[in-house]
Amino acid sequence: MFESIKKNIKQALLIDYVDLEIDVKSIQLELLFDEKGDLTTNICMQYAKLLSSSPKKIAESILQNFKHPLIKEIQLAGPGFINFFFNDDGFESLLKFQKEPNSQAKSINIEFVSANPTGPLHLAHGRGAVVGDVLSNLYEFNGYKVDREYYVNNTGNQINEFLSSILFSISETHSLSLPYQQYYKGDYIKEIANSCYEKFKESINDNISTDQKNEIANFAIDNLVNKSLEVLKSSNINFNSVIYETDIMKKNHFSKALSVLKDKKLVYDGKLKQPKDYKKTKKENNISIFKSSNFGDDEDRALTKNDGTPTYFANDIAYHLDKVDRGFDKLINIWGADHLGYLTRLKSALKSVKDDIDFEVVFCQIVNLKRNNVIQKLSKREGTILELDSLINEIGTDNFRYFMCYRKNDTHMDLDIDLIKKENKENPIYYIQYASARTFSVLKKKNDIVDKSLIWSSELKILYKKLFQWHDVITQASNRNEVHLIAHYLENLASCFHSYWSASKARPELRFLDDNQNISSHHEYLLTRFQSTLNDGLSILGIKSKTEM
RNA sequence: GCACUCGUAGCUCAGUAGGAUAGAGCACCAGAUUCCUAAUCUGGGGGUCACAGGUUCGAUUCCUGUCGAGUGCGCCA
């Protein structure tokens, strides 16, 4: 419909400007939601320079020559905008528009949460979890085949320290005086330590074999990972695959990647300046270094450690190449703000190995918790860490999901616990669900469907235009990986509906049901269309729409 | 110090591939309701879009600088 209007704009222009070369796609035609009109284009201002003419003169030409069966009036406005007004057919055709099914089903891997398996999930993970899940829903809605992935970094020092902390706890509880240090604290360590002791008490002594240690560590890691997955599952966040770093390492992707990078002269053997707090092996071995400074990184980055083992960076390259091997067309990672500086190095390394890789990262900024109007600084040291589990229990799944994705993902956010818990009109979810409930109420009470034409009040026009906008919203949300657009649209859509509803208080002829509780076929279609749009939007957010309050 | 993200109403935040009078919710003020659920609606006050330059028909949006906030800056993961 927009296309045919654009085509007619072009034709109108060509009458006075015969030589003008103009691509229909370049014509911007946007919906208006106020009394200025229904559609607008700025084409006259765009082409003023090229045609060496004033916008208003060009506009006059269009005004004179433009015709379209769905447009009843066009006006010149402001500095050179052309505004269009729909006729009744024009408005009705807005809801005839149907989304075309996506024929080329692409596959996409979305990796999110991927928390270190050394502690329970907390607030910061919550935002990434919801954004990742909602983004997955969105891509699925758009016809993609989505794989939701959770990655477990079960190697490295952190695991040694984790295990040491568990053994320390066991030693303390059972007065065994084993030689282990405490790195991680907290009740969860004690709990895991107890489970480990129950299972492995036979072999826990002064001299635990390496194999036994690995077994204990793996048991403890699985314990934590499963607990985290359970917490997420309780909010309907589920994963298709859980991938362990150790399994990826076995596949040898890294050595292949290394040789590609070496061929491209992007890797050299050498030394980097000694890192801070460098107390471990002081060997002066050369290490493999990736020239990430070629790609705008601050400095080159180590791929191997002094003892020859791969760094986290190296394993991460391998992990992402494994995703490519598994045949995904597109990769998206959800990362916390603490990884901002890490993107350049990983992306440039991946592009260097495989230049056609479609790899994007969505960053989730810090979430502050606000209680009693005071922002609480959450820190492990202060003991003010809030486990995700208890947050969700406190505010409920729907609130958790909604409030974690109604702000743009890459800006800081204050989560006002007191406001969320109010569960009244200040809470947007209730506002949206109330609109849904109203539609169900009408359809439940209706008697017969009658043939009666619509009265095009300004509120109804806006509601039609808003419903039409849904397709643009999901397109833009997935193009930009911004899920908050959906939440905002739903609030907006609900608001348009409530306005129309209330307008009928003053004008009873606008009501859905007449005196005999009959409904017009147009109204019935409008209501079901509204319901399905609301329902689509809410299910992308992972929230159930209500049929009654 | 360097890099990235950001600075919009009293508060929490949208918006900006450069466009008309910069929006919403909350708070505040004034109204609406025999009615399909008042968990709603309508109207009002409230802004130097941090500041200063630049680019042009036009800048909150792009560029540069300044100030302020946050995050990151390991051969940790």
Side-chain angles (χ1 to χ4, degrees), chain A residues 28 32 34 36 40 42 45-46 48-49 54-55 77-81 83 116-118 153-159 161 245 271-278 280-281 283 285 287-289 296-299 301-313 315-316 336-344 363 365-366 368 370 373 406-408 410-416 419 423-431 433-435 437-439 441-446 459 484-485 487-488 491-492 494-495 497-506 508 511-515 517 519 548-549:
Chain A
Q28 293 178 27
L32 288 175
D34 55 28
K36 288 200 286 276
T40 187
N42 60 355
M45 289 178 284
Q46 269 187 323
K49 206 171 217 174
S54 79
F81 293 98
N83 296 339
N116 276 334
T118 54
N153 295 112
N154 59 337
T155 64
N157 278 339
Q158 57 170 358
I159 300 303
E161 294 179 355
E245 187 175 0
K271 292 186 176 65
L272 288 174
K273 70 177 180 213
Q274 201 161 278
K276 299 168 232 163
D277 309 329
Y278 190 64
K280 300 196 175 150
T281 49
K283 285 182 218 154
N285 296 338
I287 56 175
S288 294
I289 300 167
D297 203 356
D298 300 347
E299 47 196 302
R301 304 292 177 174
L303 289 166
T304 57
K305 302 184 207 170
N306 213 323
D307 60 6
T309 58
T311 59
Y312 169 80
F313 174 38
N315 281 342
D316 223 19
D338 55 344
H339 276 62
L340 271 166
Y342 182 67
L343 177 62
T344 310
F363 284 99
Q365 270 289 357
I366 307 293
N368 288 317
K370 208 166 153 187
N373 245 352
Y406 89 129
R407 295 306 183 207
K408 197 160 71 181
D410 63 1
T411 58
H412 306 175
M413 175 171 95
D414 292 338
L415 199 66
D416 189 334
L419 187 142
E423 300 205 346
N424 62 12
K425 64 179 173 179
E426 290 174 43
N427 187 323
I429 300 179
Y430 286 82
Y431 184 82
Q433 287 179 331
Y434 184 38
R438 279 180 152 170
T439 64
S441 163
V442 172
L443 292 178
K444 199 172 158 190
K445 287 186 182 174
K446 68 156 201 282
E459 289 86 0
H484 73 287
L485 295 174
H488 282 273
E491 274 188 64
N492 216 245
S495 170
F497 179 82
H498 285 309
S499 289
Y500 179 65
W501 181 283
S502 300
S504 72
K505 306 256 178 204
R511 292 172 53 158
F512 291 109
L513 298 179
D514 63 20
D515 295 340
Q517 304 283 86
I519 191 168
E548 57 188 320
M549 298 303 280

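In what follows, chains carry the letters A, B, and so on, assigned in the order in which the sequence lines appear, proteins first and then strands, with residues in each chain numbered from 1.
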In terms of side-chain heavy atoms of A:Tyr430, which of B:G72, B:C11, B:A39 is nearest? B:A39

Would you mind pulling out the nucleotide paired to B:U40, Watson-Crick or G-U wobble, both distances under 3.5 Å? B:A32

Rounded distance in Å - CD1 (A:Ile519) to P (B:C36): 14 Å

Find which nucleotide of RNA chain B each of A:Tyr312 and A:Ser441 is nearest to by heavy atoms, and output the residue with the more 5' nucleotide. A:Ser441

List for me each residue that meets side-chain hydrogen bond (donor to acceptor under 3.5 Å, both in side chains) alongside A:Thr344, sequence neighbours excluded, and say none if there are none. none

Rounded distance in Å between the C1' positions of B:C51 and B:G68: 11 Å

Check A:Pro310 against A:Lys305 and note the closest heavy-atom contact, atom names and distance. O-CE, 3.6 Å

List the residues meeting ring-ring contact (aromatic ring centres under 6.0 Å, His included) with A:His484, not counting sequence neighbours, and say none if there are none. A:His488

Contacts of type salt bridge (charged side-chain N to carboxylate O under 4.0 Å, His left out), residue A:Arg301, not counting sequence neighbours: A:Asp297

Could you measure between the two C1' atoms, the one in B:G45 and the one in B:A9, and give it in whole Å? 11 Å

Scan A:Ser504 against the nucleic acid and name what it touches under 4.0 Å (heavy atoms): base, sugar-phosphate only, or nothing. base

I'd like to check the ring-ring contact (aromatic ring centres under 6.0 Å, His included) partners of A:His412; sequence neighbours left out, ordered by chain and number. none

In this structure, how many angstroms lie between the C1' atom of B:A24 and the NE2 atom of A:His484, rounded? 13 Å

Euclidean distance for P, B:A14 against B:C6 (whole angstrom): 11 Å

Atom CG of A:Asn492 to atom C1' of B:C13: distance rounded to whole Å? 14 Å

Could you give the distance separating B:C4 and B:U66 at their P atoms, to the nearest angstrom? 14 Å

Classify the side chain of A:Arg301 versus the base of B:C75 as yes if they form a donor-acceptor pair under 3.5 Å and no if they do not. no

By the Watson-Crick or G-U definition, both distances under 3.5 Å, B:G10 is matched with B:C26

With a 4.0 Å cut-off on heavy atoms, is A:Glu245 in touch with a base, just the backbone sugar-phosphate, or nothing at all? sugar-phosphate

Could you check how far CG of A:Asp416 sits from P of B:A27, rounded to whole Å? 13 Å

Apply side chain to side chain contact (heavy atoms under 4.5 Å, CB included) to A:Ser502 and list each qualifying residue two or more places apart in sequence or on a separate chain. none

Which nucleotide, in any strand shown, forms a Watson-Crick or G-U wobble pair with B:G1, with both distances under 3.5 Å? B:C73

Using only heavy-atom distances, decide whether a donor-acceptor pair under 3.5 angstrom links the side-chain of A:Ser54 to the base of B:C57. no

Is it true that A:Asp410 and A:Gln365 share a donor-acceptor pair across their side chains at a distance under 3.5 Å? no

Where the side chain of A:Arg511 is concerned, which of B:U71, B:C36, B:C11 is the nearest nucleotide? B:C36

Which base sits across from B:U48 as a Watson-Crick or G-U pair, both distances under 3.5 Å? none

Tell me every residue that passes ring-ring contact (aromatic ring centres under 6.0 Å, His included) with A:Tyr500, counting only those two or more places apart in sequence or in another chain. A:Phe512

Students often get this wrong, so: under 4.0 angstrom with heavy atoms, is A:Lys505 touching a base, only sugar-phosphate, or nothing? base

By side chain to side chain contact (heavy atoms under 4.5 Å, CB included) - contacts of A:Asn83 (at least two apart): A:Leu32, A:Lys36, A:Thr40, A:Ala77, A:Phe81

Could you tell me whether a side-chain N or O of A:Ser288 sits under 3.5 Å from a main-chain N or O of A:Thr304, the two making a donor and an acceptor? no

Taking B:C75, B:C13, B:C35 as options, the one with an atom nearest any side-chain atom of A:Arg407 is B:C13

Suppose you measure atom P in B:G23 against the same atom in B:C67; what distance do you get, rounded to whole Å? 33 Å

A:Tyr500 atom OH is separated from B:U40 atom C1', nearest whole Å, by 16 Å

Mind listing the N/O atom pairs, protein and nucleotides 4-8 of chain B, below 3.5 Å?
residue : atom : partner  : partner atom : Å
B:U5    : O2'  : A:Asp410 : O            : 3.1

Which residues pass the side chain to side chain contact (heavy atoms under 4.5 Å, CB included) test with A:Asn116, not counting sequence neighbours? A:Thr118, A:Asn153, A:Gln158

When rounded to the nearest Å, what value does the distance between P atoms of B:C41 and B:C2 take? 50 Å

Does B:U56 have a Watson-Crick or wobble partner in any strand here, with both distances under 3.5 angstrom, and which is it? none

Close N or O pairs between protein and nucleotides 17-20 of chain B (under 3.5 Å):
residue : atom : partner : partner atom : Å
B:A20   : N6   : A:Thr40 : OG1          : 2.8
B:A20   : N6   : A:Asn83 : OD1          : 3.2
B:A20   : N1   : A:Asn83 : OD1          : 3.3
B:A20   : N1   : A:Asn83 : ND2          : 2.9

I'd like the C1' distance from B:A30 over to B:A69, given in whole Å. 38 Å

Please determine whether a side-chain nitrogen or oxygen atom of A:Tyr431 lies at a distance below 4.0 Å from atom OP1 or OP2 of B:C41. yes

In whole Å, I'd like the distance from the OH atom of A:Tyr406 to the P atom of B:A14. 9 Å

Does a donor on one side chain and an acceptor on the other come within less than 3.5 Å for A:Glu245 and A:Thr155? yes

Could you tell me whether B:A17 is syn or anti, where syn means a glycosidic angle within 90 degrees of zero? syn

A:His339 (side chain) donor-acceptor with A:Phe363 (main chain) under 3.5 angstrom: no

Those residues that, when tested against A:Pro55, pass side chain to side chain contact (heavy atoms under 4.5 Å, CB included) (two or more places apart): A:Cys44, A:Met45, A:Ala48

Is any side-chain N or O of A:Lys305 closer than 4.0 Å to OP1 or OP2 of B:A77? yes

Where do N or O atoms of nucleotides 42-44 of chain B meet protein N or O atoms at under 3.5 Å, pair by pair?
residue : atom : partner  : partner atom : Å
B:U42   : OP1  : A:Ser499 : OG           : 2.9

Rounded to whole Å, the NE2-P distance (A:His339 to B:G70) equals 22 Å

Need to verify one output field. Residue with the more 5' nearest nucleotide on RNA chain B, A:Lys370 or A:Val442? A:Lys370

Could you state the CG-P distance from A:Asp515 to B:C36, rounded to the nearest angstrom? 11 Å

C1' spacing across the pair B:G70 / B:G47, given as an integer number of angstrom: 24 Å

Should B:G18 form a Watson-Crick or G-U wobble pair with both distances under 3.5 Å, which nucleotide is its partner? none

Does A:Leu343 reach a base, just sugar-phosphate, or nothing at all? Heavy atoms under 4.0 Å. nothing

If you compare all heavy atoms of A:Glu459 against all heavy atoms of A:Ser499, which two are closest, and at what distance to 0.1 Å? CG-O, 3.9 Å

